[in-house]
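See below for the structure under consideration.
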Amino acid sequence: MSASPSGPGTSRTRSWWGWGYADAHPDEPACVALGALLPGTLARPLPVPRVADLSVGRPGVTPPTALAHLVTSDPDVRAAHAMGRAYRDIVRALRGRPGRIPDLVARPTHDREVADLLDWAGGRGVAVIPFGGGSSVVGGVEYRGDTHRAVLSLDLTSMDRVLDVDTVSRSARIQSGALGPVLEAQLRPHGLTLRHFPQSFEFSTLGGWLATRAGGHYATGRTHIDDFVQSLSVVTPAGTSTSWRLPASGAGPSPDRLFLGSEGALGIITEAWMRLQERPRHRASASVAFADFQQALEAVRAIAQSDLSPANCRLLDPGEALLSGASHDGSAVLVLGFESAASPVDGRLASAVDLALAHGGHGGSRGRGGRGGHDGTPAADGDAPADTAVSAWRSAFLRMPYLRDGLARMGAVVETFETAATWDRVPALIDAVRTEVGSAATKATGHPATVNCRLTHVYPDGAAPYFTVAVAGRPGDEVRIWDDIKAAASEVLHRYRATITHHHAVGRDHRPGYDLQRPAPFALALRAAKDALDPHRILNPGVLID
């Protein structure tokens, strides 16, 4: 069963229950082959779930006539909006227990309709869950609880236009429901790009990126969507907030900062002026292998603290390198990439490789420069030639979410989480996660667990480790096991004062860790903002604050 067309000009459809496109999921033989990688998984995959097998009740509320044309109660559409795409969501769908399915799904086309929907929902006690591409992996787009009479999923993907392009200031006014490819297609004729490419690029929206403070693919420089924002327009139950469009300002606390990362709990981001860049014309990539992971960490720190600013500086530990096909001899692999719109980047790449070799790396295999897509993300212009390790990693990077869903069908528990910490704590943090989270996974399942790590983003003062945990589960008990692993991971992160999330947001799954991380006075201020902007408490209940 599939739902949600992927976009203009294509007949491909989105899976209602799993990651990405319905036709891209592993078939049954492929699922069995994946299961063979983990001892203790099922002999045959769980069947692909069908909406027809769910209990999709009648809506608990009826929209007014003036809004009825914006709203649907179609069971397929409602099921596709019931949850995000975390492992926890996937396995609940496979087991036929997706949680609270929204009563209605609305697709407004402009700000006035958003405001009208919020007015109606506030007066009727209807919870409103903002929904972009639905790629949330932290429980950010589902309703948990029973305090509201009904749930409305507010799908913004009909608001997907680039409304204005200012080529002089190199910025654009963009509606928040634009999916990544839709947004970039409208900027391409101007020779410009937002240059924000998360792994979910095809299946997430500008508004989703802004509401979650999403991180993109690029390892240094402008890594988070925050860095690209000139101004925001946000519709709240208390009125519409539109900040001035400025290159910078020192005028008090920034209004945009109130809504960036607010995850739909304070208002609905409907438009944004975003800073753009010229499309890159020069690219080069390389990989360097390391026999010693600690030396590899030192190499990455040296590169991050130089002024080289690589577009990609991704370190794969031996397990991650083996899984992606970047290495088969037990080596860690550093994947480097550079790009520029103005000048060749071969010299910067050579300097970065030299730094890596000086810290114990070997190989330094390099791809050729040229035109094309950036390393590791979907691009419209083709791909720059790269070495074998870079190409293998890139292919695995784009395919990994589909493989996770295949493993889930085989009864495996596959958890991913990311964090960030200062360099003085990174090595010990990685060791502790491998040891303690691996032990927790084995204890919860009785099966040996695999814990892999990669660095996705690097800064002069720290890095963002990204972990993958895979273990055979127990049939029907996968969600509890996942919760146990998540709790163990969160405890380690808190002990090392590492953030509960670097770029995947808080949602509902990370709330315990976020409550511990944020200062108490800030929590008071956030609750006051919630009370002022959302007096009926209808906006994404349970996200960030109660």
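Numbers here simply count residues along the sequence, with the first being 1. Predicted model only: the values in this text are computed from it and were never measured.
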Distance check, rounded to the nearest 0.5 Å: [X] atom [atom1] versus [Y] atom [atom2]?
X	Y	atom1	atom2	answer
D103	R58	CG	CZ	11.5 Å
L403	W19	CG	CH2	12.5 Å
E113	L118	CD	CG	12.0 Å
I101	S55	CD1	OG	7.5 Å
D74	D76	CG	CG	5.0 Å
D227	H224	CG	NE2	8.0 Å

Exam field: side chain [X] to backbone [Y], donor-acceptor pair closer than 3.5 Å:
X	Y	value
R88	D483	no
S176	I269	yes
R518	A523	no
R85	V137	no
E320	R454	no
S169	S171	no
Y143	H148	yes
D515	P512	no
T220	P310	yes
R314	H217	yes

What residue among R213, E418, Q517 forms side chain to side chain donor-acceptor pair (under 3.5 Å) with T501?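 Output: one option passes, namely E418.
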Nearest heavy atoms of [X] and [Y], plus distance in Å:
X	Y	value
C313	I303	SG-CG2, 4.1 Å
P181	F201	CD-O, 3.4 Å
I90	G18	CD1-CA, 3.6 Å
D256	S243	OD1-OG, 2.6 Å
A93	M83	CB-CE, 3.3 Å
V300	W423	CG1-CH2, 3.9 Å

Heavy-atom side-chain contact between [X] and [Y] under 4.5 Å:
X	Y	value
I129	R100	no
V437	I485	yes
W482	V91	no
L210	I225	yes
D317	R434	yes
T205	L156	no
T416	R404	no
L323	M400	yes

Evaluate the salt bridge (Lys or Arg N to Asp or Glu O under 4.0 Å) criterion for residues R173 and D164: first the C-alpha distance (whole Å), next the side-chain angles of each, then the deciding distance (0.1 Å), finally the verdict. CA-CA 5 Å; R173 182 165 64 102; D164 261 315; 3.3 Å; yes
In sequence, state the C-alpha distance, the side-chain angles, and the governing distance for F228 and L194, and then conclude on side-chain contact (heavy atoms from CB on, under 4.5 Å). CA-CA 8 Å; F228 300 94; L194 179 59; 4.0 Å; yes
I need the single residue from V471, D484, D477 that forms a side chain to side chain contact (heavy atoms under 4.5 Å, CB included) with T445. Which is it?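 Exactly one option meets the side chain to side chain contact (heavy atoms under 4.5 Å, CB included) with T445, and it is V471.
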Answer yes or no: is there an ion pair linking K530 with D534, defined by an N-O contact shorter than 4.0 Å?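 Yes.
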For [X], does the [atom1] atom sit with more than 12 other heavy atoms under 6.0 Å from it, leaving out its own atoms?
X	atom1	result
R92	CZ	yes
D146	CG	no
R497	CZ	no
R161	CZ	no

Below 3.5 Å, can you tabulate the donor-acceptor pairs from side chains in residues 536-544 to any protein atom, sequence neighbours excluded?
| unit_1 | atom_1 | unit_2 | atom_2 | d |
| --- | --- | --- | --- | --- |
| R537 | NE | D531 | OD1 | 3.3 |
| R537 | NH1 | D546 | O | 2.5 |
| R537 | NH2 | D531 | OD1 | 2.3 |
| N540 | OD1 | R508 | NH2 | 2.8 |
| N540 | ND2 | G140 | O | 3.1 |
| N540 | ND2 | E263 | O | 2.8 |

Residues that T442 engages under side-chain hydrogen bond (donor to acceptor under 3.5 Å, both in side chains), provided they are two or more places apart: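 side-chain hydrogen bond (donor to acceptor under 3.5 Å, both in side chains) check on T442 returns nothing, list empty.
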Carefully, step by step, assess H503 and H457 under the rule ring-ring contact (aromatic ring centres under 6.0 Å, His included). CA-CA 10 Å; H503 59 262; H457 301 75; 5.3 Å; yes
Taking the six-membered ring of Y218 as reference, does the NZ or CZ atom of R195 fall below 6.0 Å from its centre and within a 45° cone about the axis?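 Yes, a cation-pi geometry holds between R195 and Y218.
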Apply the test side-chain hydrogen bond (donor to acceptor under 3.5 Å, both in side chains) to residues R245 and Q230: give CA-CA distance (whole Å), side-chain angles for both, the deciding distance (0.1 Å), then the verdict. CA-CA 5 Å; R245 179 187 167 211; Q230 272 190 336; 2.9 Å; yes
What do the steps show when you test I430 against L297 for side-chain contact (heavy atoms from CB on, under 4.5 Å), and what is the final call? CA-CA 11 Å; I430 292 174; L297 287 174; 4.2 Å; yes
Given V229 and M274, is the side-chain contact (heavy atoms from CB on, under 4.5 Å) satisfied, shown in steps? CA-CA 5 Å; V229 175; M274 304 297 294; 4.0 Å; yes
side-chain contact (heavy atoms from CB on, under 4.5 Å) between L429 and T419: does it pass, once the steps are laid out? CA-CA 10 Å; L429 168 66; T419 185; 4.0 Å; yes
For R124, all residues meeting salt bridge (Lys or Arg N to Asp or Glu O under 4.0 Å), sequence neighbours excluded: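 R124: no salt bridge (Lys or Arg N to Asp or Glu O under 4.0 Å) contacts found.
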Please list all pairs meeting ring pair (Phe, Tyr, Trp, His ring centres under 6.0 Å) that have one or both residues in residues 231-277, counting only residues at least two apart or in different chains.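 Non-adjacent pairs meeting ring pair (Phe, Tyr, Trp, His ring centres under 6.0 Å): zero.
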Write out all pairs satisfying side chain to side chain donor-acceptor pair (under 3.5 Å) with one or both partners inside residues 459-469, taking only residues at least two apart or from two chains.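 Only T223-Y459, Y459-H502 qualify under side chain to side chain donor-acceptor pair (under 3.5 Å).
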Ring pair (Phe, Tyr, Trp, His ring centres under 6.0 Å) involving F293 - partner list, sequence neighbours excluded: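 So F293 forms no ring pair (Phe, Tyr, Trp, His ring centres under 6.0 Å) with any residue.
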May I ask you to decide if the ring planes of H81 and F131 are parallel, tilted or perpendicular, using 30° and 60° as cut-offs?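 The arrangement is tilted - the two ring planes meet at 30° to 60°.
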